[in-house]
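In what follows, chains carry the letters A, B, and so on, assigned in the order in which the sequence lines appear, proteins first and then strands, with residues in each chain numbered from 1. When reading the values below, keep in mind they use all heavy atoms of this one structure, side chains included, and skip hydrogens, waters and symmetry mates.
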Protein chains: 2
Amino acid sequence: MSTVKQPSRIQQRNRAAILASGLDAFSQSGFRGATLEQIAAAAGMSKPNLIYYFPSKEAIHITLLTELLDTWLAPLRAMGPSDDPISEILKYAQSKLTLSRDYPRESRLFANEILQGAPHLANTMDALKTLVDEKALLIQGWVDAGKIVAIDPHHLIFSIWSLTQHYADFDVQVRAVLANDDPYPGAVEHIDRVFRRLLATD
Amino acid sequence: MSTVKQPSRIQQRNRAAILASGLDAFSQSGFRGATLEQIAAAAGMSKPNLIYYFPSKEAIHITLLTELLDTWLAPLRAMGPSDDPISEILKYAQSKLTLSRDYPRESRLFANEILQGAPHLANTMDALKTLVDEKALLIQGWVDAGKIVAIDPHHLIFSIWSLTQHYADFDVQVRAVLANDDPYPGAVEHIDRVFRRLLATD
DNA sequence: CAACAATTTGACCACTCGGTCAAAAACAGG
DNA sequence: CCTGTTTTTGACCGAGTGGTCAAATTGTTG
């Protein structure tokens with residue numbers, strides 16, 4: 001007989017504000033480097049007030065990570081059977097690149113977590129493997145049908161991840177090398193070329 | 001008339017031990033997450049003793065980063081004129097992959113620093129840009145000579161960096177997906193294929 | 001408006017951490 | 001073995017941090 005109470009407007013607003021400034025803080029300074037004081041101030045409230053909405057610093061971090069993971073894997077989930085597998089894979093790669101461009105903080109939050117050994121994602125790793133294995137099978141089917149070049153599907157997926165996330169995670173370095181020009185127009189074209197040439201059957 | 005004293009054997013041993021455990025700590029927990037106590041204990045000494053060899057935590061970190069950067073960029077520096085540019089580029093990519101395999105902690109230390117916005121490498125970024133621009137010119141020459149496909153040299157270099165470092169920096173994720181198999185044999189072959197097909201003139 | 005619930009915060013606490021300091025211990029060289 | 005130097009450490013400090021708590025304030029509802 002548990003009547004689940006829906007959160008008030010204040011609850012919604014403040015939880016959202018906390019998550020927003022938490023994302024800022026964690027992606028910029030890492031879990032350890034971010035402080036409750038800092039997050040609370042950025043969300044326009046006091047530290048005890050923040051703790052009224054989230055029981056601990058870790059709770060904010062975990063909430064962010066799990067919400068993020070959904071967005072992050074959506075394009076991979078969306079990849080499915082197709083008569084034109086090269087376009088299907090290119091679509092995935094470009095979606096991922098768009099995520100890097102539009103959600104760089106999320107990308108860095110995730111990168112930080114993996115770098116530290118994914119202490120808060122240990123569970124989720126199993127589900128990730130299941131999803132990737134499933135998509136690897138799909139890709140293997142395309143290989144077997146001779147529609148794309150013979151290639152290791154897992155390493156293909158790693159390539160898509162690394163090439164796209166690099167522009168968000170190593171943003172400082174990329175911009176330093178490019179004299180602060182916007183890297184994305186060039187990246188879109190480059191990634192298209194890489195996977196088109198990699199996957200084409202001759 | 002400054003007679004530069006060369007460090008005693010004890011100095012050499014202890015400085016090396018501190019840098020070794022500092023690398024462990026910083027690459028695993030980030031700058032903020034690592035503690036002097038932890039580093040000192042791992043180096044087999046007390047905290048004040050550690051501070052006798054390095055004036056601050058930051059000093060250890062900076063020392064590690066600057067020493068690392070040399071090793072890290074050596075393969076790029078080594079890339080030079082060649083009649084067979086594809087082999088030359090492949091050699092660079094494979095050297096970089098070997099670094100990821102043999103020095104994953106160094107790779108993660110570097111990744112951590114860049115993720116945080118490279119606060120300790122702001123100076124070095126200029127030098128990096130100079131080096132990369134120089135090599136980009138070399139690659140552009142190969143393009144202009146029709147020896148490799150028309151491609152943006154900067155993004156090519158980013159590709160090499162991201163594809164290779166991914167295996168060190170996202171090790172946890174890679175191994176989770178691959179059920180803990182050694183990723184490197186497959187990675188060597190994959191990276192070879194990627195760049196061979198990308199760069200070939202048809 | 002009365003009464004209750006939800007929200008907010010100042011003051012505080014225990015603990016961690018980077019770094020200091022004075023004194024002890026180990027190590028040279030004569 | 002004496003003396004000066006290098007190395008080592010226990011004790012300590014001040015700042016910062018995650019989190020608590022009781023009390024005040026604000027919102028809500030009959």
Any A:Y52 side-chain nitrogen or oxygen under 4.0 Å from OP1 or OP2 of C:dT9: no
OH (B:Y103) with more than 12 external heavy atoms under 6.0 Å: no
Atom pair distance, as rounded to whole Å: CG in A:L50 and C1' in C:dT8: 12 Å
Pair A:H190 and B:F158, ring centroids less than 6.0 Å apart: no
Length of the line joining A:R13:CZ and C:dT7:P, which is rounded to integer Å: 10 Å
Euclidean distance, atom CD of residue A:Q11 to atom C1' of C:dA5 [Å, nearest integer]: 12 Å
CD (A:Q28) with more than 12 external heavy atoms under 6.0 Å: no
Separation of atom CD1 in A:I60 from atom C1' in D:dG18, rounded to whole Å: 11 Å
Residues, nucleotides or ligands: over 12 heavy atoms within 6.0 Å of A:D83 CG: no
Letter per nucleotide, 5' to 3', of nucleotides 23-30 of chain D [B base touched, S only sugar-phosphate touched, - untouched; heavy atoms, 4.0 Å]: --------
Protein-to-nucleotide contact annotation, 5' to 3' order, nucleotides 15-25 of chain C [B base; S sugar-phosphate only; - none; under 4.0 Å, heavy atom]: --SBBBB----
Nearest-Å distance for atom pair CG/C1', residues B:N14 and C:dC27: 14 Å
Sidechain-backbone polar pair: A:E88 side chain, A:G80 backbone, donor-acceptor under 3.5 Å: yes
Touch class at under 4.0 angstrom, heavy-atom based, for B:F54 against every strand present: nothing
Separation of atom CZ in B:R9 from atom P in C:dA28, rounded to whole Å: 8 Å
Value in whole Å for how far the P atom of C:dA6 lies from CZ of A:R15: 16 Å
Centroid separation A:F54 to A:H61 less than 6.0 Å: no
B:N49 side-chain N/O to D:dT7 phosphate OP1/OP2 under 4.0 Å: no
Mutual orientation of the aromatic rings belonging to B:F26 and B:F31 [parallel < 30°, tilted 30-60°, perpendicular > 60°]: parallel
Note, A:L68 side chain near A:L23 side chain (heavy atom, < 4.5 Å): no
Contact check, side chains of B:Q165 and B:F170, non-hydrogen atoms, under 4.5 Å: no
